Amino acid sequence: MKYFKIAAFLFVFLFTFILRAHNYEKVPTPAHLDEQLYAWSGINLVERGVPISWSTLDYPKRAEVFKGVMSYGGGDPKAGVTLYKPWLDEPPLFSYMVGYSAHAFGADRNGFIPSSYIRFPVIFVSTITSIMVFLVGALVSGFWMGLFAMLLYGTVPLMVFASRTAMPENLIALLLMTSIYLLLRYQKKASFWYLASIPVLAGLAGLAKPTGYFIAPLAIFFVWYKDYVGKKTNLKRLIVKSLYILLLTLPFVAAYIWYGYHFDKEIFRIITTIQGSRPVGFGNLAWQLISPSYGTNVLKDSWFIFCLLSGGFYLLRPKKGLAKLISFSLIYWLAVVILSGGEGDLLAWYRFPYYPLLAICGAWGITYLYKKANFLSLFLAGGFLLGNRLLLVNAFRPNISTQNFRILFSLIMAPGVAYQIFKTGWLKALVKATILIVIVIGLYINTKYIYNAYEIACQSLSCPMVPTTWLSTLRFPFFWRFLVLK
């Protein structure tokens, strides 16, 4: 069994890695201007020692160094931008990471930087995040649940495309999941060594984007949740641990402030004031629930919506033991997004850090449907887990016909209707088998869409093209033939 588990892990790991990497520079679009924020800032930091990038914020006129069109090789992708020096919209860590990658690939800092260069390190960051999804899921719900959560994080289209995007939230997602794993280990054994690296993880996350610093308060909650036991609590020890996390995170906050003051104190104050006044409101939570996205457009990903519903289900009905802390962490980061993201703005990358937690909730939800095996669970499985068939449709590839859909959906629901009436063991087994078939077909549809998303979106259309890398040309040995659209 040990070797079988190792083989299963390696298979899922390699499968999801290749799927995430294949055509990573093409979907999301290479013309993703928000990625260029960090690419231009980073490559200028590496090559000139000063961050220069575009912004829509109210910089002083003296900081403007360019206003016009930036393009790749004189063609697409291109965009009209205003560049500022120094650019202080965000901390430097993530910018430096993608900027160094662009520099290593020989990108021109005076043009549109290819997505293949700046997303290259993000693919590896997200791959490690997928391992953390497995470790967290396995810790709270066992090996196979962790593996299933890892599979979902690597096959739900919206999560895959989000995890390719060169935005700092993907680095925060890794650091958040690593922190949660260590804090869950602390719940099992209250060893200080599980807390030792938390300030570093929170600090690095904050240097990627200030919302990353919110890992520290989450860690303090976990400590109090574990160690507070009423009147018998050693408050002195609790306070010491909390202060350790807080005080050792502060140098990273100070580093960010020093960074801004080093380049331009006045601009840093102006920009941080504007960033801290972003409009938020009570409509933010509902907006997140009704606008599934990995960018600035809604993607009708039915598997992702099911993961959202599963997350909501386990918020209202938390699992026992350590698993309920996954639900709390999800609530916490939803609150971070509500407090920091613009109300009604479809800037989906703010949400990326909680997508790995949704993958775990989705794995719980699908497993629950399979174990419950009744009319309702079959309805939800058939209604959600085959829904991404719609994503394979374009002007040349029609959807399933109305008549065929009605016949097929009725056949899927028939065992559930029969079981609802007769309640026999063999009918329950038939419902389970039907749900399992739906899950497998749904995963195949997801995989086929992710593998061909660029071809579907750009069939007979002109889409921006950028250089490829060895990473983006990876494909499944032999089995790729079953994924390519005919």
Side-chain angles (χ1 to χ4, degrees), residues 12-13 15-16 19-20 126 129-163 173 176-177 180 288-294 299-319 322-331 333-334 337 348 351-373 376-389 391 435-436 438-447 449-450:
V12 172
F13 173 78
F15 178 80
T16 55
L19 193 59
R20 182 178 291 109
S126 296
T129 303
S130 73
I131 296 174
M132 296 313 304
V133 170
F134 163 74
L135 290 175
V136 171
L139 183 62
V140 300
S141 298
F143 176 88
W144 296 110
M145 191 66 74
L147 195 64
F148 190 31
M150 182 183 180
L151 178 64
L152 290 191
Y153 190 63
T155 55
V156 174
L158 194 149
M159 293 183 184
V160 174
F161 298 150
S163 69
L176 174 64
M177 291 301 292
I180 289 173
Q288 291 185 62
L289 298 180
I290 64 174
S291 58
S293 177
Y294 59 86
L299 180 69
K300 298 174 184 177
D301 183 345
S302 62
W303 277 65
F304 181 81
I305 295 170
F306 179 82
C307 290
L308 279 175
L309 289 177
S310 296
F313 177 77
Y314 288 107
L315 294 181
L316 296 173
R317 196 176 143 181
K319 294 176 76 73
L322 292 180
K324 64 183 175 184
L325 291 173
I326 300 298
S327 297
F328 178 83
S329 300
L330 176 58
I331 293 175
W333 213 265
L334 275 165
V337 177
R351 312 168 187 179
F352 290 0
Y354 68 70
Y355 285 2
L357 297 170
L358 281 183
I360 296 173
C361 292
W364 289 342
I366 292 174
T367 304
Y368 180 83
L369 295 185
Y370 176 77
K371 289 181 177 179
K372 202 71 176 174
L376 178 59
S377 61
L378 187 55
F379 174 77
L380 292 174
F384 280 106
L385 304 186
L386 298 177
N388 283 347
R389 172 65 180 82
L391 300 179
I435 292 175
L436 186 60
V438 165
I439 292 169
V440 171
I441 294 174
L443 286 170
Y444 173 72
I445 291 171
N446 287 353
T447 302
Y449 172 65
I450 294 167

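Please read these numbers as outputs of a predicted model, since none were measured by experiment.
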> Looking only at heavy atoms, what is the nearest atom pair of A381 and V438, with distance?
Replying inline: O-CG1, 3.5 Å
>> So for atom NZ, which belongs to K319, do other residues, nucleotides or ligands contribute more than 12 heavy atoms lying within a distance under 6.0 Å?
In response: yes
>> Using side-chain hydrogen bond (donor to acceptor under 3.5 Å, both in side chains), reason through R351 and S291 one step at a time and then give a plain yes or no.
In response: CA-CA 11 Å; R351 312 168 187 179; S291 58; 2.9 Å; yes
>> Keeping S130 on the side-chain end and M150 on the backbone end, is there a donor-acceptor pair under 3.5 Å?
In response: no
> Are side-chain heavy atoms of Y153 and T16 found at a separation under 4.5 Å?
Replying inline: no
> For the residue pair I435 and S377, what are the closest heavy atoms and their distance?
Replying inline: CD1-OG, 3.8 Å
> W303 side chain to V156 main-chain N or O, any donor-acceptor pair under 3.5 Å?
Replying inline: no
> Closest heavy-atom contact between G154 and I450?
Replying inline: O-CD1, 4.5 Å
>> Quick check: do P157 and N446 have side-chain heavy atoms less than 4.5 Å from each other?
In response: yes
> Where do S163 and R20 come nearest, in terms of heavy atoms and distance?
Replying inline: OG-NE, 2.9 Å
Side-chain donor-acceptor distances from residues 356-371 under 3.5 Å, at least two apart:
unit_1: W364; atom_1: NE1; unit_2: S141; atom_2: OG; d: 2.9
unit_1: T367; atom_1: OG1; unit_2: A363; atom_2: O; d: 2.7

>> Could you check whether any side-chain N or O of D301 sits under 3.5 Å from a backbone N or O of L158, counting only pairs where one atom can act as donor and the other as acceptor?
In response: yes
>> Quick one, I305 and P292 - any side-chain contact, counting heavy atoms below 4.5 Å?
In response: yes
> Do I326 and Y314 have side chains that get closer than 4.5 Å, going by heavy atoms?
Replying inline: no
> Does I331 have any side chain to side chain contact (heavy atoms under 4.5 Å, CB included) partners at least two apart in sequence or in another chain, and if so, which?
Replying inline: L315
>> If you define the side chain from C-beta out and look only at heavy atoms, does anything of M177 sit under 4.5 Å from V136?
In response: yes
>> Quick check: closest heavy atoms across P318 and K324, and the distance to 0.1 Å?
In response: CB-CB, 4.0 Å
> Given L443 and L151, is the side chain to side chain contact (heavy atoms under 4.5 Å, CB included) satisfied, shown in steps?
Replying inline: CA-CA 9 Å; L443 286 170; L151 178 64; 4.0 Å; yes
> Does some side-chain heavy atom of F15 sit less than 4.5 Å from a side-chain heavy atom of T447?
Replying inline: yes
> Do you know which two heavy atoms are closest between L147 and F134, and how far apart they sit?
Replying inline: N-CD1, 3.5 Å
